Amino acid sequence: MRLSIFLDPQEGMTYAGIVEAAHATEQGGFHGLYRSDHLAPTSGHLDRAATEAWTTLAGLGRETSRIRLGTLITPLTFHQPTVLSKMVSTVDEMSGGRVDVSIGTGWNVGEHEALGLEFESLATRFERLEEYVQVLIGLWGEDRLTYHGRYYQVGGILPRPRPSPRPPLIIGGYGRRKTPLLAARYADEYNIDWPSVEQCRDFFELFAGTCQEVG
């Protein structure tokens, strides 16, 4: 079993505080440090500061030397996949290949409305999510990527820098069909947040069955 530290820093935690937590995580022998990806507080206290996740991880890549670094979970609504791919590749290089990437549909409608970000229906966001992870994985491959989907298009780019090996991809959520299917097809890890022991047993048994289903 590998134990990691998770932070919800969007409620006013400073970058200095995050660095202190990262140093404690590394010194304590933990596997990694992961943080939520929110651009505004989620508690309703809008006067609290919220640092940007991937900017923070870039700094932590230089402040630490061993622990894995990542988000749980970056909403697809925040970045185009081509932009997130470039951000991740840069942080991966800065950290010496210690980045894990999570991606999800997003959930906080109030945050999106406050920041003027489009928040489509859940069904549409799920359709986008499958294309999104296909683009990410393609952009981390060795070959030039051309992609023509319903929501995303990539015109023959050969991205550099290219992480090698590809960063582990995390997909998670409490959906009982679409989420496990996407994770089984594309992800390296399946994640659920704040589960009970019973929920862990239930959802990971469901996920194991889904993996067998898709081969």
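Owing to the predicted nature of the structure, the values given are computational and were not obtained by experimental measurement.
Between Leu84 and Tyr132 the shortest side-chain heavy-atom distance falls below 4.5 Å. Contact check for Phe78 versus Glu52: no side-chain heavy atoms found under the 4.5 Å cut-off. Counting heavy atoms from C-beta outward, Pro41 and Glu111 have side chains that stay 4.5 Å or more apart. Using a 4.5 Å heavy-atom cutoff, the side chains of Glu130 and Arg185 are in contact. Pro167 places a side-chain heavy atom less than 4.5 Å from the side chain of Val88.
Among residues at least two apart or in separate chains, side-chain hydrogen bond (donor to acceptor under 3.5 Å, both in side chains) pairs with a member in residues 203-215 are Arg177-Glu213. The side-chain hydrogen bond (donor to acceptor under 3.5 Å, both in side chains) analysis of residues 157-170, with sequence neighbours excluded, yields the pairs Arg166-Asp188. Within the structure, salt bridge (charged side-chain N to carboxylate O under 4.0 Å, His left out) contacts touching residues 63-85 (residues at least two apart or in different chains) are Arg68-Asp100. Sorted by first then second residue, the salt bridge (charged side-chain N to carboxylate O under 4.0 Å, His left out) pairs that include residues 5-22, not counting sequence neighbours, are Glu11-Arg48. Contacts classified as salt bridge (charged side-chain N to carboxylate O under 4.0 Å, His left out) and involving residues 22-34 (residues at least two apart or in different chains) are not found.
Residues passing the ring pair (Phe, Tyr, Trp, His ring centres under 6.0 Å) test with Phe204, sequence neighbours excluded: Tyr190. With sequence neighbours left out, Phe203 forms a ring pair (Phe, Tyr, Trp, His ring centres under 6.0 Å) with Tyr174. Every residue was checked against the salt bridge (charged side-chain N to carboxylate O under 4.0 Å, His left out) condition with Arg144, not counting sequence neighbours, and none meets it. Taking Phe30 as the reference, nothing meets the ring pair (Phe, Tyr, Trp, His ring centres under 6.0 Å) condition, with sequence neighbours excluded. Under the rule for a ring pair (Phe, Tyr, Trp, His ring centres under 6.0 Å), the partners of His38 that lie at least two apart in sequence or sit in another chain are Trp107.
In terms of hydrophobic clustering, with Ile, Leu, Val, Met, Phe, Trp and Tyr side chains grouped at heavy-atom distances under 4.5 Å, Leu145 and Val83 are assigned to a common cluster.
Note that Arg125 lies in the cation-pi zone of Phe119, set by a 6.0 Å cut-off to the ring centre and a 45° limit from the axis.
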Side-chain donor-acceptor pairs of residues 135-143 under 3.5 Å, sequence neighbours excluded:
{"from": "Trp140", "atom 1": "NE1", "to": "Ser85", "atom 2": "OG", "distance (Å)": "3.3"}
{"from": "Trp140", "atom 1": "NE1", "to": "Ser89", "atom 2": "OG", "distance (Å)": "3.4"}

Sequence neighbours left out, cut at 3.5 Å: what donor-acceptor pairs do the side chains of residues 69-76 make with other protein atoms?
{"from": "Thr71", "atom 1": "OG1", "to": "Thr74", "atom 2": "OG1", "distance (Å)": "2.8"}
{"from": "Thr71", "atom 1": "OG1", "to": "Ser102", "atom 2": "OG", "distance (Å)": "3.1"}
{"from": "Thr74", "atom 1": "OG1", "to": "Asp37", "atom 2": "OD2", "distance (Å)": "2.7"}
{"from": "Thr74", "atom 1": "OG1", "to": "Trp54", "atom 2": "NE1", "distance (Å)": "3.1"}

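With respect to Thr51, the side chain to side chain contact (heavy atoms under 4.5 Å, CB included) criterion is satisfied by exactly one of Gln10, Arg35, Met13: Arg35.
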Under the side chain to side chain donor-acceptor pair (under 3.5 Å) rule, what do Tyr186 and Gln134 come out as? Steps first, then yes or no, please.
CA-CA 8 Å; Tyr186 301 108; Gln134 290 174 355; 2.7 Å; yes

